[in-house]
Colleague: 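Provided herewith is a single structure, encoded as structure tokens, for subsequent inquiry.
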Amino acid sequence: MDAIVGQPLDRVDGRLKVTGGARYAAEFPVPGVVHAVLVQSSVAAGEIVAIDTSAAEGMPGVLAVITPENAEKLQADKGGEQVVSRPTLQDMQVLYNGQHVAIVVADTLDRAQAAASALKLTYKQDEAVTTMDSALNTAYRPKHFRGGARSPDSNRGDADAAFDAAAVKVDATYRTPIEHHNPMEPHATIARWDGDRVTVWTATQGISGAQHTLATLFGIPPANVRVICPYVGGGFGCKGSTWPPATLTAMAARKVGRPVKLSLTRRQMFTSNGYRPRTVQKVKLAADAGGKLVAIRHDGMSQMSMPSLGEFAEPVGLATEMLYSCPNVAVTHRLVGVNAPLPTYMRAPGEASGVFALESAMDELAVALRIDPVELRLRNYADGDEHEDKPFSLKNLRECYRQGAEAFGWSQRNPAPRSMRDGRVLIGWGMATSTYPANRRPAEALVRLQADGSVVAGSGTQDLGTGTYTVMTQVIADELGVSPRRVRFVLGDSTLPPAPGSGGSTTVASVSPAVQAACAAARQKLFSLILADPQAAGLTSADLRLANGVVLAPARRFPLSQVLARAGLEYIEGRGKTEGPPGGHSLHSFGAQFAEVRVDPDLGEIRVSRYVGAFDAGRILNAKTGRSQLIGGITYGIGMALLEETATDAETGRYVNADLAEYLVPVHPDVPLIRTIFVAGEDPVLDPLGARGIGELPMVGVAPAIANAVYHATGVRVRDLPIRIEDVLG
Amino acid sequence: MKPGLTRRGLIGRSVATAGGLAAVPLVTPAEAAIPAAPAPVRTPEMVDIVLQVNGRRLPLTIEPRVSLLDALREQAGLTGTKKGCDRGSCGACTVHVDGRRVNSCLTLAIRCQGRAVTTIEGLAEGDELHPVQAAFIRHDAFQCGYCTPGQIMAATALLDEGHAGSDAEIREYMAGNICRCGAYNHIVDAIRDVASQAAGKG
């Protein structure tokens, strides 16, 4: 049988998704469910001094109005991916505009909404710091950078001395704005208590994290919390941690003694579950006359909330440490606290923002050196990871540059800005490098081989639309010799064997080896049963092969149904585990991004008209869902380059464009035909299938490729995203 | 029985007591029960209306302020129609009313009496998917699937409107449907595919 892994199998959950049958968190028909609506603060700093709930409580159908004055007291949050300590109505302090200050429960959604708007709060306002740029002089060192695993600063050689002595230099500051994930499904939770046990249907990228965080907060054992999430309507990082709305829903359900459902409004999505923080990044590059880098310095500052909400430092400099060969490299990370919600991971955290700065600076260096941008990168190619001082497990970046450039037609580029036109329209070609770490974390899986030859398997992982259901089905089909149609892979339930949260492109490399191992264990048990049978005399397990529910041996065959019946079993179960990441190698994926923009010279309108991305991401388990991830990441990057910015009113600290009409994301006409290339290669170090996650990689480098193309088209270097019409009109 | 456990029979009876796989909810639309919530407190503002949804009568008791979207999702149990913004900005809630695509979040349920409402649940003919649904699967025109019902309802209307003449025209007439996973390339592929099949037959 030909391998199923690698084939462009249609998504196994496709039918449910195109018929409206896939159930997202808010859509489970839980009997007796009532509705909750959150209320947010309208000031950025201060204290609540009075809450008048009388009007709301008197409205028809209202069941509860929960405020800091009557909220259940919770334990401190220690679980989850990111510790989010507030706001869960534990005190009267207000630390940002849009902070949750109450939750209202009523028998219908419209009544809960009406009652929420009838709540009257009085504040004592303090002076607020509303923008990062007004507080750069207060920058401080992160206390728990990368969870405390490393210093926020690193040094190799002496970057400052080498910079001062160098022949050709770039010294520039790059800025990226606050961005919001805006998955199409707003976060939602249904919570139902049965005594001291709670079931939550919640939109999450990590059911295990949600289980442990809720258990900690409510002071109950994790076994008393069941988290269910078979489908997630997009996450991009904002559903990675367990944010207060899920907690408050469980609190409300306990209070009213009935199941409670909460869906965030789109506006509430802007202050409820993190965002990509604004960054201000100073980059210095220096090279010798031949284009060899002699110094890199990357000083990154990212916006934070007030420290008591938790900590998140955007790791903008990590790619800078390893992307190019250079003897002198210095990187620092600093935070600037403002009265804003806590930031969090957003698709390609660190790299998306950091590589914009680094790869824009590389383009500026190429211009200063009069060297082709691809050639400059090849002259500084890193054969190993010079920061970790380890070999890469797999690096085919040279092929990405070559195949991407060829597909794009890069050799036809005239390097002079404003030199290429189509009629009156300016054309620009730009490129950038992409990289993202390859990750693996401990995961477990369980497989049951059934008498009819079908397979049921599961792992407590998630499918964010990334294709987990489908690729795990393919892995099982190959391992157990069955058609994918006869495999049912289940996920998204905390009663399944545990798996890590789906973030940081970890799911495939973490879960697929566990699934493979579980299949191998089931197969081994089956073979042992057969070999114990007198009819199998003289055979060894090397003689046996499982295909379509029958174990085949030379001149003999053993139907699964008979083997199981004889043993008195209904199924054979195998369990498998993946350990954490392997040591000894640096684990990274790579890519090369090529963009063409067309700029109207009079109106300044910028359109991406052509795009090629070539990626080195190990073995691709499903070319169809894999390509979807690539075009999705590139599309997200187009948004970062040209459209996305959350704007803050400096007076009130309120986000002024907290909706999808004014927070612009790419729509159909913004996205041209995207050509994607998977550069062949397998990474056997990361996992036995040779695969790597590809959720983030395709987004990295898109914004600088477009910014570099805009420079080539117009001669205007834009260092502050998003790039706007007014930036290029001069 | 708790909701979501209706398929345990699929897995095998001895397994059902072992937790784990047995308890995983995987509810298909056919099995989805309409929520048996206690009736909301009746107030004088509430009105009794009857909608025609997917060719079936749907009697509802609602306040006049309830949107068609909330009536479908919260009262009729038709959760295939999605709420992405509740402000007419994202298209996730697109349904057909008398054959035209509308944002159900901006449409009052009470205004739809006597009109034919079609949702994603009413698009397939029994087990046979609508050609646009099948093309979306074939071209992998989605990832998370949350915008997908709205994209499909918009796409079927677009084809009826005759706006699938070119990729540029498809993109323009699909501009009101946001896909944050960024499946736009594949959505255009799917619509173009159906349009050319229809043209081939014509």
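The sequence lines fix the lettering, A, B, ..., with proteins before strands; numbering per chain opens at 1.
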Colleague: Taking the side chain as every heavy atom from C-beta outward, state whether B:I178 and A:M184 have any pair of such atoms under 4.5 Å apart.
Modeller: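 Side-chain contact under 4.5 Å: yes.
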
Colleague: For A:E573, is it the side chain, the backbone, both, or neither that has a heavy atom closer than 4.5 Å to a heavy atom of chain B?
Modeller: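 When you check distances to chain B, no heavy atom of A:E573 falls under 4.5 Å.
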
Colleague: Counting heavy-atom pairs under 4.5 Å to chain A, which of B:A183, B:C90, B:C181, B:G88 comes out on top?
Modeller: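 The residue among B:A183, B:C90, B:C181, B:G88 with the greatest pair count is B:C181.
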
Colleague: Which bit of B:A175 comes within less than 4.5 Å of chain A, counting heavy atoms only: side chain, backbone, both or neither?
Modeller: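 Both backbone and side chain.
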
Colleague: Quick one: CG on B:L69 to CG on A:L109, what's the gap to the nearest 0.5 Å?
Modeller: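 B:L69 CG to A:L109 CG: 9.5 Å, rounded to 0.5 Å.
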
Colleague: What is the minimum heavy-atom distance between A:V18 and B:T148, and which atoms define it?
Modeller: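 Residues A:V18 and B:T148, closest heavy atoms: CG1-CG2, 4.3 Å.
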
Colleague: Between B:R65 and chain A, which part of the residue has a heavy atom less than 4.5 Å away: side chain, backbone, both or neither?
Modeller: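 Looking at B:R65, just its side chain touches chain A.
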
Colleague: Out of curiosity, A:Y663 OH to B:S89 OG, how far, rounded to the nearest 0.5 Å?
Modeller: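 Here the interatomic distance stands at 14.5 Å.
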
Colleague: Got a sec: does the OH of B:Y173 have more than 12 other heavy atoms crowding it under 6.0 Å?
Modeller: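 Counting neighbours around OH of B:Y173, 12 or fewer heavy atoms of other residues, nucleotides or ligands fall under 6.0 Å, so no.
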
Colleague: Is it the case that over 12 heavy atoms from other parts of the model lie below 6.0 angstrom from the CZ atom of B:R111?
Modeller: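 Not more than 12 within 6.0 Å, no.
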
Colleague: Please determine, among A:Q113, A:R15, A:M269, A:Q629, the option with the most heavy-atom pairs under 4.5 Å with chain B.
Modeller: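 Of the options given, most contacts go to A:R15.
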
Colleague: Evaluate the side-chain proximity of A:D110 to B:E63: yes if any heavy-atom separation is below 4.5 Å, no if none is.
Modeller: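 Yes, side chains in contact.
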
Colleague: Of A:R627, A:K624, A:K17, A:R11, which is the lone residue that meets salt bridge (charged side-chain N to carboxylate O under 4.0 Å, His left out) with B:D140?
Modeller: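 Among A:R627, A:K624, A:K17, A:R11, the one meeting salt bridge (charged side-chain N to carboxylate O under 4.0 Å, His left out) with B:D140 is A:R11.
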
Colleague: Does any non-hydrogen side-chain atom of A:P666 lie less than 4.5 Å from one of B:R180?
Modeller: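 In contact.
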
Colleague: Can you name the nearest heavy-atom pair linking B:V41 to A:D107, along with the distance?
Modeller: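 Taking B:V41 first and A:D107 second, the nearest heavy atoms are N-OD2, 2.7 Å.
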
Colleague: Closest heavy-atom contact between A:V667 and B:Y184?
Modeller: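 For A:V667 versus B:Y184, the nearest heavy atoms are CA-OH, 3.3 Å.
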
Colleague: Rounded to the nearest 0.5 Å, what separates atom CZ in B:R171 from atom CG in A:L673?
Modeller: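 Spacing of CZ (B:R171) from CG (A:L673) equals 7.0 Å.
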
Colleague: Taking the side chain as C-beta and beyond, is there a heavy-atom pair between A:H668 and B:V188 under 4.5 Å?
Modeller: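 Result yes, sub-4.5 Å side-chain heavy-atom pair found.
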
Colleague: Is it true that the side chains of A:R111 and B:T43 contain a donor and an acceptor less than 3.5 Å apart?
Modeller: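 The answer is yes; a qualifying pair exists.
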
Colleague: Contact part of A:H35 toward chain B, heavy-atom cut-off under 4.5 Å: side chain, backbone, both or neither?
Modeller: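 For A:H35, the contact with chain B is made by the side chain alone.
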
Colleague: Using a strict threshold of under 4.0 Å (side-chain N to carboxylate O), is an ion pair present between A:E27 and B:R73?
Modeller: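 So B:R73 pairs with A:E27 through a salt bridge.
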
Colleague: Checking A:I631 against chain B: side chain, backbone, both or neither under 4.5 Å from a heavy atom?
Modeller: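 Looking at A:I631, backbone and side chain both touch chain B.
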
Colleague: At a 4.5 Å cut-off on heavy atoms, which part of B:I137 comes close to chain A: side chain, backbone, both, or neither?
Modeller: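 Both parts, backbone and side chain.
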
Colleague: Heavy-atom distances under 4.5 Å only: say whether B:M46 touches chain A with side chain, backbone, both or neither.
Modeller: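 Answer is side chain: those atoms of B:M46 sit under 4.5 Å from chain A.
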
Colleague: More than 12 non-hydrogen atoms from neighbouring residues, nucleotides or ligands closer than 6.0 Å to CZ on A:R267, yes or no?
Modeller: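 Yes, because the 6.0 Å sphere around CZ of A:R267 holds more than 12 heavy atoms from other groups.
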
Colleague: Between the side chain of B:Q143 and the main-chain N/O of A:S628, is any donor-acceptor distance below 3.5 Å?
Modeller: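 Side chain of B:Q143 to backbone of A:S628: a pair is present.
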
Colleague: Could you look at B:D70 and say if it's the side chain, the backbone, both or neither that has a heavy atom under 4.5 Å from chain A?
Modeller: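 Only the side chain of B:D70 comes within 4.5 Å of chain A.
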
Colleague: Out of curiosity, B:K83 NZ to A:T265 OG1, how far, rounded to the nearest 0.5 Å?
Modeller: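 Answer for the NZ-OG1 pair, B:K83 versus A:T265, is 9.0 Å.
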
Colleague: Could you check whether atom CZ of B:R42 has more than 12 heavy atoms from other residues, nucleotides or ligands sitting under 6.0 Å from it?
Modeller: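 Counting other residues, nucleotides and ligands, CZ of B:R42 exceeds 12 neighbours.
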
Colleague: Can you say whether A:D659 sits under 4.5 Å from chain B via the side chain, the backbone, both, or neither, judging by heavy atoms?
Modeller: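 For A:D659, no heavy atom lies under 4.5 Å from chain B.
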
Colleague: If you count heavy-atom pairs under 4.5 Å between each of B:C179, B:G122, B:G150, B:G84 and chain A, which one has the most?
Modeller: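 Ranked by heavy-atom pairs under 4.5 Å with chain A, first place is B:G84.
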
Colleague: Among the options A:I674, A:L464, A:T108, pick out the one with the most heavy-atom pairs lying under 4.5 Å from chain B.
Modeller: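 Result: the option with the highest number of such pairs is A:I674.
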
Colleague: Are there over 12 heavy-atom neighbours, none belonging to B:R192, within less than 6.0 Å of that residue's CZ?
Modeller: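 Yes - once you tally the heavy atoms of other residues, nucleotides and ligands closer than 6.0 Å, there are more than 12.
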
Colleague: Measuring only between side-chain heavy atoms, which start at C-beta, is B:Y146 closer than 4.5 Å to A:V232?
Modeller: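 Sidechains of A:V232 and B:Y146: no contact.
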
Colleague: CD/B:Q133 to OG1/A:T19 distance, rounded to the nearest 0.5 angstrom?
Modeller: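 The distance works out to 6.5 Å.
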
Colleague: Which atoms of A:P259 are under 4.5 Å from chain B, going by heavy atoms: the side chain, the backbone, both sets, or neither?
Modeller: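 Interface part for A:P259: neither.
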
Colleague: Rounded to the nearest 0.5 Å, what's the gap from CG on B:N185 to OG1 on A:T635? Could you check?
Modeller: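 Here the interatomic distance stands at 6.5 Å.
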
Colleague: Answer whether the closest heavy-atom distance between the side chains of B:T79 and A:R23 falls below 4.5 Å.
Modeller: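 Yes, side chains in contact.
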
